[in-house]
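To start, the structure itself, in structure tokens.
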Amino acid sequence: MKSWTATARGPPTPQSLTLAASLPLPTLPPNSTALLLKITHVALNPADLVLLRALPPWLPFRRAPPVPGMDFAGVVVAVGDGAGLSSSFAVGDRVCGALGLAAVLRGEGTLAEYVLVESASVAKMPLREGWGLREAVIDYRIHDPLEEHLAQKFGEQQFDAILDCAGSQALFSHSPRYLKPEGKFVSIVGGWSQGVVPFVRNKLRPRFLGGTPRRYDLFLLSSSGSIAKEVAGWVEQGVIKQAVIDSEYPMEQAVEAFQKLATGRARGKIVIKVASTE
Ligand SMILES: NC(=O)c1ccc[n+]([C@@H]2O[C@H](COP(=O)([O-])OP(=O)(O)OC[C@H]3O[C@@H](n4cnc5c(N)ncnc54)[C@H](OP(=O)(O)O)[C@@H]3O)[C@@H](O)[C@H]2O)c1
């Protein structure tokens, strides 16, 4: 099967990423609770870039060369025979989810034609037609500094919650000016310097030592499948009205897709189409 492999550590280039034409097809072991998926789409995630840059491809505990990619959509082509799995999944089901870090560290990522995925990490694809339109946005480049603009515009009518997808310390430090006292600030930006250090500082520093008097949380994706199932439900119920796609690349152009991701300027998800959904 075709599969992208990380052949050198570093930024995404034709040297660090190679399209292997004939890697062996993964097979389900006996009593497995996994599914064999034909991958149709992979959505790139900045965490993929961190792993490409940080992890050497020769780690001894994983197969060589490692396959990158975490987030996936695909079709079930074989169901493991363990734990009554066949009552929950059938060949032909369209599914989606995200692999856990452990699978990616083992080099068993999703940027391949076929992947074995633990059934617990998988949600059935939501069925919904007719996406709606987005709400209005505040452009942070026009209103710079953003926190001053928010304080002026939302000082009276404060927010109930803020979800920070950029990892902005200033946005949290100034939040008492525009976030309700009982409001919650949630950052999704992980990583040692952006995620862990701010988390410790913002979560644990008491107010009398200068801590910001608002609740701070760090949300990190888990591969349990519960998040994928919840999000699939939101799509079906119409809570999520639009999937924002920046661009779609064919399987052969994954390097270009990663390079677009590395600009930090994507407007929505960058998707690699691995195969047709037919
Ligand atoms: N917690 C989790 O489970 C989880 C899951 C997925 C992603 N993440 C993390 O979430 C972050 C965002 O992910 P992503 O996929 O959206 O990354 P991305 O594709 O790199 O985000 C690019 C977008 O961010 C905007 N942007 C850049 N700097 C900004 C700033 N200072 N303020 C507001 N917007 C800014 C850009 O807008 P302009 O081009 O207009 O500047 C662009 O639209 C990353 O750090 C990623 O690692 C966490």
Side-chain angles (χ1 to χ4, degrees), residues 1-6 20 22-45 47-48 50-51 55 57 59-128 188 190 219-237 240 243 251 269 271-278:
M1 66 166 181
K2 271 197 263 178
S3 180
W4 280 93
T5 55
S22 55
L23 283 192
L25 213 67
T27 49
L28 281 162
N31 300 319
S32 171
T33 52
L35 304 167
L36 178 62
L37 303 184
K38 179 176 189 231
I39 298 293
T40 59
H41 299 83
V42 171
L44 297 189
N45 188 318
D48 297 326
V50 174
L51 291 168
L55 294 174
L59 289 176
F61 54 83
R62 65 187 185 192
R63 77 170 185 221
V67 177
M70 289 181 178
D71 303 345
F72 63 88
V75 180
V76 176
V77 291
V79 180
D81 56 6
L85 200 56
S86 55
S87 59
S88 315
F89 291 97
V91 170
D93 281 349
R94 291 189 62 196
V95 294
C96 57
L99 292 186
L101 193 58
V104 183
L105 290 179
R106 285 197 305 271
E108 296 164 8
T110 53
L111 210 42
E113 286 181 301
Y114 294 89
V115 175
L116 279 184
V117 180
E118 261 311 308
S119 54
S121 329
V122 166
K124 290 204 181 145
M125 194 82 91
L127 299 171
R128 184 166 186 274
I188 67 161
F219 173 84
L220 294 177
L221 184 68
S222 85
S223 62
S224 72
S226 58
I227 294 174
K229 288 180 184 106
E230 192 163 346
V231 173
W234 292 347
V235 173
E236 273 175 346
Q237 294 152 23
I240 294 178
M251 178 69 160
K269 292 308 287 185
V271 175
I272 298 176
K273 186 172 180 183
V274 179
S276 148
T277 49
E278 300 305 309

Report yes if some heavy atom in the side chain of Thr5 is under 4.5 Å from a heavy atom in the side chain of Leu23; otherwise report no.
yes

d(Met251 CE, Ser3 OG) to nearest 0.5 Å is 6.0 Å

Minimal non-hydrogen separation, Leu99 against Gly69, with atom names
CD1-O, 4.0 Å

Have Thr33 and Glu118 got a donor and an acceptor in their side chains that come within less than 3.5 Å?
yes

Do Leu36 and Pro26 have side-chain heavy atoms sitting under 4.5 Å apart?
yes

Trp4 pairs by side chain to side chain contact (heavy atoms under 4.5 Å, CB included) with which of Val42, Leu111, Ile272?
Leu111

Within the 4.5 Å heavy-atom criterion, are Leu101 and Met70 side-chain neighbours or not?
yes

Under 3.5 Å donor-acceptor, Lys38 side chain and Val76 backbone:
no

Given Lys124 and Asp93, is the side-chain contact (heavy atoms from CB on, under 4.5 Å) satisfied, shown in steps?
CA-CA 7 Å; Lys124 290 204 181 145; Asp93 281 349; 3.3 Å; yes

Side-chain contact test, heavy atoms from C-beta onward, threshold under 4.5 Å: evaluate it for Val75 versus Val95 and give yes or no.
no

Distance from Leu28 atom CG to Leu35 atom CG, nearest 0.5 Å?
7.5 Å

Atom pair CG/CZ of Leu37 and Phe89 - distance to nearest 0.5 Å:
9.0 Å

How long is the straight-line distance from CD1 of Ile188 back to CZ of Phe219, given to the nearest 0.5 Å?
8.5 Å

Euclidean distance, Ser224 OG relative to Lys229 NZ, rounded to 0.5 Å:
7.5 Å

Show the nearest heavy-atom pair for residues Ala232 and Pro126, with the distance to one decimal.
O-CB, 3.3 Å

Which pair of heavy atoms, one from Gly107 and one from Pro66, lies closest together, and at what distance?
CA-CB, 3.6 Å

Using a 4.5 Å cut-off on heavy atoms from C-beta on, say whether the side chain of Ile240 contacts that of Val231.
yes

Which residue, Val274, Ile39, Thr40, forms the side chain to side chain contact (heavy atoms under 4.5 Å, CB included) with Phe72?
Ile39

Side-chain donor or acceptor of Glu113 paired with backbone N/O of Lys2 under 3.5 Å
yes

Chi angles and distances behind the side-chain contact (heavy atoms from CB on, under 4.5 Å) call for Val104, Leu51:
CA-CA 9 Å; Val104 183; Leu51 291 168; 3.4 Å; yes

Heavy-atom nearest pair, Asp71 first then Ala98, reads OD1-CB, 3.4 Å

Applying side-chain contact (heavy atoms from CB on, under 4.5 Å), run through Thr27 and Leu116 and close with a yes or a no.
CA-CA 8 Å; Thr27 49; Leu116 279 184; over 6 Å; no

